[in-house]
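Working notes for the structure below.
Side chains included, hydrogens not; waters and symmetry mates left out as well; all remaining heavy atoms used.
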Amino acid sequence: MAHPEYVICMECETPTYVFEWGDGKVVEALCPICGNDDATTFVSEEELEEMVASEDEDEE
């Protein structure tokens, strides 16, 4: 996966531009709204779209 322009905090769904990307995933990130800094709780826009699509499929 290419380096995204921003990642989304899954705690408050806010995009953030303050992050480090490596090996296809978020290595470090900081949410400017809620202060979350757990890199495992940030996703790229592409990953979020995949999650939403799979949830939609599960509901059908």
Side-chain angles (χ1 to χ4, degrees):
M1 175 185 297
H3 187 287
E5 184 178 331
Y6 62 91
V7 293
I8 301 161
C9 173
M10 296 303 291
E11 296 291 318
C12 67
E13 298 182 359
T14 300
T16 183
Y17 297 87
V18 181
F19 70 98
E20 288 188 35
W21 186 262
D23 296 325
K25 63 182 180 180
V26 178
V27 177
E28 275 187 56
L30 176 61
C31 179
I33 302 300
C34 71
N36 178 25
D37 64 355
D38 180 358
T40 63
T41 60
F42 288 85
V43 295
S44 68
E45 182 179 20
E46 183 178 306
E47 291 169 322
L48 182 61
E49 288 173 359
E50 289 173 5
M51 290 168 50
V52 170
S54 70
E55 287 176 5
D56 289 344
E57 289 175 2
D58 290 344
E59 290 179 2
E60 292 177 359

Side-chain donor-acceptor distances from residues 7-19 under 3.5 Å, at least two apart:
{"residue": "T16", "atom": "OG1", "partner": "V18", "partner atom": "N", "Å": "3.3"}
{"residue": "T16", "atom": "OG1", "partner": "L30", "partner atom": "O", "Å": "2.9"}

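- The side chain to side chain donor-acceptor pair (under 3.5 Å) analysis of residues 27-41, with sequence neighbours excluded, yields the pairs N36-T41, D38-T40.
- The minimum heavy-atom distance linking S44 with W21 is given by the pair CB-CH2, 4.4 Å.
- For E20, there are no side-chain hydrogen bond (donor to acceptor under 3.5 Å, both in side chains) partners at least two apart in sequence or on another chain.
- Taken together through direct or relayed side-chain contacts under 4.5 Å among Ile, Leu, Val, Met, Phe, Trp and Tyr, Y6 and M51 form part of one hydrophobic cluster.
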